[in-house]
Each structure stands twice: as structure tokens, then as C-alpha cells.
Amino acid sequence: MKIGLLQIDIKFGEPMANREYVKDQFLKAADDSYDLIILPELWSTGYDLTRLDDIGDENAQESIQFLQELAKTYNVNIIGGSVANKKGDSVYNTMIVVDRNGDLVHQYSKLHLFKLMDEHKYLSPGEDSPSFLLEGIHFGGFICYDIRFPEWIRKPVLEGAEAIVVVAEWPEARVDHWLTLLKARAIENQSYVFACNRIGADPNNAFGGNSIIIDPWGETLAQGTTQEEMVTATIDIARVKEIRSRIPVFQDRRTSFYS
Ligand SMILES: O=C(O)CCC(=O)C(=O)O
């Protein structure tokens with residue numbers, strides 16, 4: 001499976017311009033035969049939180065249709081980062097997954113809102129399961145701050161997930177945490193990690209790039225810089241079983257002492 005993490009800059013509060021830009025990037029990648037392309041968190045609006053009521057997407061409909069068209073046109077599965085999803089009086093930060101036929105496979109709204117960036121003032125926390133199946137692979141999909149909660153990442157893994165996807169707008173100031181947490185999540189869960197971050201800056205933060213693909217042994221297969229790029233690796237999901245039988249962490253758990 002060939003994976004591409006679309007590490008891009010995002011225009012602050014300009015969904016139309018960001019959609020056009022993402023469309024151009026898919027066209028550019030068209031000849032590279034990706035099986036799965038992953039976008040960053042809030043790729044259509046950025047963190048323009050005070051305007052999400054205006055620029056957010058009613059029930060994520062426009063974003064879903066946009067991603068469905070791209071998936072069908074380029075015959076590629078898409079984990080469409082996340083978008084500002086308006087539902088009644090609330091706005092959620094919602095991941096959208098569509099398969100290469102253009103079918104909507106999964107939606108997940110960020111569970112843990114990040115107070116340091118005021119998310120709790122403008123967004124509502126989700127209540128969705130992070131588990132989904134795509135191309136026969138069981139994934140757990142998460143958004144940014146979620147990776148600081150190992151017990152939440154573990155949940156889909158205990159349900160059978162072999163790959164953890166993370167979409168983010170992770171600040172440059174804490175890139176060391178980003179890389180360390182992602183590597184730990186890969187090793188402790190003996191799972192692939194595909195983590196797509198944005199680059200560039202908004203009025204409040206500079207973002208750290210360093211999108212990364214890590215194998216279930218904790219080895220980095222590909223890592224971005226702080227420039228715009230497609231971070232790419234080809235993975236073999238059978239490696240998960242191999243690693244899990246080498247060190248059988250999941251058989252050795254003492255669940256009568258912890259859940
Ligand atoms: O946990 C962090 O340091 C960054 C989290 C974050 O930026 C987010 O969830 O949007």
C-alpha cells in the first residue's frame with residue numbers, strides 16, 4: 001500500500017482557496033499511483049476559530065462531496081484530514097474518510113479539545129469511535145491533541161486496528177513532543193503510524209511539519225521537513241503480525257490489574 005501524507009500550508013479562513021489548492025495537489029500526484037492520501041487537520045479553514053460559524057461546512061457536506069469527487073477522479077482512498085463541521089449550534093472538528101469508489105467510510109470528531117489553543121471555546125467535543133476499515137485494513141483515526149492520550153489510541157488497537165492515523169496542526173514549538181509521542185504510540189501499539197501535519201503559520205502559531213510514517217517496530221520509513229511536500233512510503237501490513245508475534249505484548253497484558 002503506497003501512502004502519501006499531503007503536508008501543505010493552509011490559507012487562514014479561506015475554504016475555497018484551500019480546496020482549489022488541494023485539488024491542484026491531487027492533480028500533481030495523479031501519476032504516482034497512491035493507494036491512500038492523508039490531509040492535515042482543519043485543512044480547509046485553518047484555526048480561524050472565531051469565524052467557524054461562517055466558514056464551517058454544514059454537516060461537512062461540501063467537504064465530503066469534494067473529497068468523494070477527488071477519490072473517484074484519481075482512484076485513491078482519502079483520509080481527508082479534518083474540517084469544521086457545523087451541526088445545529090455546534091461546530092465539530094471532524095475527520096472524513098472516503099474510499100477510492102467515492103463512498104463515505106467514516107467520520108470522527110476530535111474527542112480531546114486543546115485548551116491551550118482555545119478550541120473548547122469554539123468547538124464541541126465528538127463522541128465517535130476512532131475505528132474504521134479501509135482497503136481491508138483496520139485503522140484508528142485521531143486528531144492532533146488526541147495522541148497525548150495513550151488509552152484512547154489503545155482502544156481501536158484492542159479492537160483489532162493495525163494502523164494509527166493522525167491528522168494535525170501541531171505547532172513547531174512542540175515538534176519534539178510530536179515525534180516522541182508518535183514513535184511511542186507506534187512501538188507500544190505495535191502498529192503503523194501515518195501522521196500528517198501542516199506547515200506554515202497563522203496569526204497565532206507556526207506549525208511544525210515533520211509528517212511521519214513509522215512502522216510497527218518504531219522505525220521511521222519517511223519524515224517530512226518544514227517545507228511543503230508529499231511524505232511517502234510503501235507499507236506491508238503483514239509486518240504488524242510479525243512484530244506482534246516477536247514480542248507478544250497483547251498476549252502478555254495483565255488485564256485483571258488494568259483494563
Ligand atoms: O498537544 C499539543 O501540543 C498540540 C495539540 C494541538 O495543537 C491541537 O490539538 O490542535
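Numbering of ligands and ligand atoms starts at 1, following listing order. Heavy atoms only: backbone and side chains are in, while hydrogens, waters and symmetry mates are out.
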Answer yes or no: is there an ion pair linking Lys86 with Asp57, defined by an N-O contact shorter than 4.0 Å?
no
Donor-acceptor side-chain pairing of Glu41 and Asn93 below 3.5 angstrom
yes
Classify the side-chain pair Asn197/Gln7 by whether it contains a donor and acceptor separated by less than 3.5 Å.
no
For the pair Trp178 and Trp170, name the ring-plane relationship: parallel under 30°, tilted 30 to 60°, perpendicular over 60°.
tilted
Fit a plane to each ring of Phe149 and Tyr145, take the angle between them on a 0 to 90° scale, and name the class: parallel (under 30°), tilted (30 to 60°) or perpendicular (over 60°).
perpendicular
Show which residues join Leu133 in its hydrophobic cluster (side-chain heavy-atom contacts under 4.5 Å, direct or indirect), or state none.
none
Compile the protein residues with any heavy atom at a distance under 4.0 Å from an atom of ligand 1; present them by chain, then by number.
Glu41, Tyr47, Lys110, Phe114, Met117, Glu119, Cys144, Tyr145, Arg148, Glu169, Trp170, Pro171, Arg174
